[in-house]
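Hydrogens, waters and symmetry mates play no part in the numbers below; they use all other heavy atoms, side chains included. In what follows, every chain begins at residue 1, and chains take the letters A, B, ... in the order their sequences are listed.
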2 protein chains.
Amino acid sequence: MGQSLTIRVDPKGDRPPSEQIAAQVRFAIAAGVIEPGARLPSVRQLAVEALVNPNTVGKVWRDLEREGVLESRPGDGVFVAVAAPELCKDARDRELTARLGAWVNDARSAGLEEGELRELFERALAPRRLRRVGERS
Amino acid sequence: MGQSLTIRVDPKGDRPPSEQIAAQVRFAIAAGVIEPGARLPSVRQLAVEALVNPNTVGKVWRDLEREGVLESRPGDGVFVAVAAPELCKDARDRELTARLGAWVNDARSAGLEEGELRELFERALAPRRLRRVGERS
DNA sequence: TGGGCCGTCCTATCGTCCTAGGACAGTGCG
DNA sequence: CGCACTGTCCTAGGACGATAGGACGGCCCA
């Protein structure tokens, strides 16, 4: 319980660091890893951990406050809002649905049939099983 | 048959226009919509259709030629290479697998169980059916 | 041969995002 | 009170991609 939250940022990912951080925070709240009233790492502290600029973290905190997910108390810290879980679950479902819809759309336009989509999905669900032939379970 | 290829670019999408065009071309080749030897739209022509800069299209043609997908004959046009379908199918499968893997990873970190993942997947496969609650199965 | 189309290349400019470093006011605690 | 910590704000700069406009040589066909 010491570390309630671990943020990982890939500086050369296809999505900017600020969005990566925001998405991870939203998902953590939706999953119940962080609960309303909980305090988040400070701008400078998380900046060191995630290897980003303090301004980048500050921007995320500000954006999430405008969404109603966080409550910022200058001089004290930022905290998870009461309505945050509901908001984040909605946002999570919307984002996951949109991404999966785009994936299905792209896969179909690339000539894959429904059976192949299902096969890829099953493989993605169980990446540990049926990896190679002779592998310890 | 008149229009062998229609490229759509969303200027404010999360991915840059050049990558959107390259992905659509690769997918079209993988799907068999365009076959080896076929001629692609000219840099200037596609630039007008897709509402992008000719330099952007030129960059895509050059990148895809370095991949071995296209063959550029200056003064004549760019054409689908013989080995392109194989290359594009591999690239397509790798990209779709990676994207779906990332999706499953994110969905799990957001607190969703395997059953919920399957439900979202079924819904994405059949967006027309089971829209609302009270519907015959 | 000449005109039109082709891909390529060049320089310059713009917008967006992250980085960098500093300054400020508010809060909590000893 | 005084100090450490908090979020916020400001200016400046760089990286990256797209845009803009032009110039070059190659290819096809009348």
Side-chain angles (χ1 to χ4, degrees), chain A residues 4-5 7-25 29 34 36-81 84, chain B residues 4-5 7-25 29 34 36-81 84:
Chain A
S4 57
L5 185 63
I7 302 287
R8 277 272 158 269
V9 171
D10 176 17
K12 47 192 169 306
D14 49 349
R15 304 177 67 177
S18 58
E19 287 184 28
Q20 294 182 37
I21 297 174
Q24 289 181 48
V25 171
I29 293 176
I34 333 176
R39 177 187 186 153
L40 274 69
S42 79
V43 164
R44 295 164 178 82
Q45 177 185 342
L46 180 54
V48 172
E49 292 179 15
L51 299 176
V52 296
N53 192 279
N55 288 329
T56 302
V57 180
K59 178 183 184 298
V60 175
W61 276 195
R62 246 171 289 134
D63 290 348
L64 289 179
E65 187 186 17
R66 293 192 191 96
E67 287 183 27
V69 173
L70 300 181
E71 282 175 5
S72 163
R73 301 202 274 272
D76 196 2
V78 293
F79 302 83
V80 178
Chain B
S4 57
L5 184 63
I7 301 286
R8 276 274 156 268
V9 171
D10 176 17
K12 46 191 170 308
D14 48 348
R15 305 177 65 177
S18 59
E19 288 183 28
Q20 294 183 35
I21 297 174
Q24 289 181 47
V25 170
I29 293 175
I34 333 176
R39 177 187 186 153
L40 273 69
S42 80
V43 163
R44 295 166 178 82
Q45 177 184 342
L46 181 54
V48 172
E49 291 179 16
L51 299 176
V52 296
N53 193 281
N55 288 328
T56 302
V57 181
K59 178 184 183 301
V60 175
W61 277 193
R62 245 170 290 134
D63 290 348
L64 290 179
E65 186 185 17
R66 293 192 190 98
E67 286 183 27
V69 172
L70 300 181
E71 282 176 5
S72 163
R73 301 202 275 270
D76 196 2
V78 294
F79 302 83
V80 179

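In this structure, the nucleotide among dG7(D), dG7(C), dT19(C) sitting nearest to the side chain of Val43(A) is dG7(D). Minimum atom distance to the side chain of Ser18(A) is reached by dC17(C), of the listed dC17(C), dA18(D), dA20(D). Set against dT8(D), dC18(C), dT8(C), the side chain of Pro16(A) has dC18(C) as its closest nucleotide. The nucleotide whose nearest atom lies closest to any side-chain atom of Arg62(A) is, among dG7(C), dG7(D), dC9(D), dC9(D).
Look at Ser72(B) and you won't find any side-chain N or O under 4.0 angstrom from OP1 or OP2 of dC6(C). When the side-chain nitrogen and oxygen atoms of Thr56(A) are compared with OP1 and OP2 of dT19(C), one or more of them lie within a distance under 4.0 Å.
Residue-to-nucleotide contacts include a donor-acceptor pair under 3.5 Å from the side chain of Asn55(B) to the base of dG21(D). Counting distance only, with no hydrogens placed and no angle test, the side-chain atoms of Asp76(B) and the base atoms of dC5(C) include no donor-acceptor pair under 3.5 Å. Checked by distance alone, Arg44(A) brings a side-chain donor or acceptor within 3.5 Å of a matching partner on the base of dG7(D).
Pro11(B) comes within 4.0 angstrom of nothing in the nucleic acid, heavy atoms only. Using a 4.0 Å heavy-atom distance criterion, Glu65(B) is classed as a sugar-phosphate-only contact.
Rounding to whole angstrom units, CZ of residue Arg39(B) and C1' of dC28(D) are separated by 10 Å. dT8(C) atom P lies 12 Å from atom CZ of Arg73(B), rounded to whole Å.
Summary of helix geometry: the two end axes of the helix from dT1(C)-dA30(D) to dG30(C)-dC1(D), each defined by five base pairs via their C1' atoms, are inclined to each other by 10° (rounded to 10°).
When the salt bridge (charged side-chain N to carboxylate O under 4.0 Å, His left out) test is applied to Arg66(B), the partners found at least two apart in sequence or on another chain are Asp63(B).
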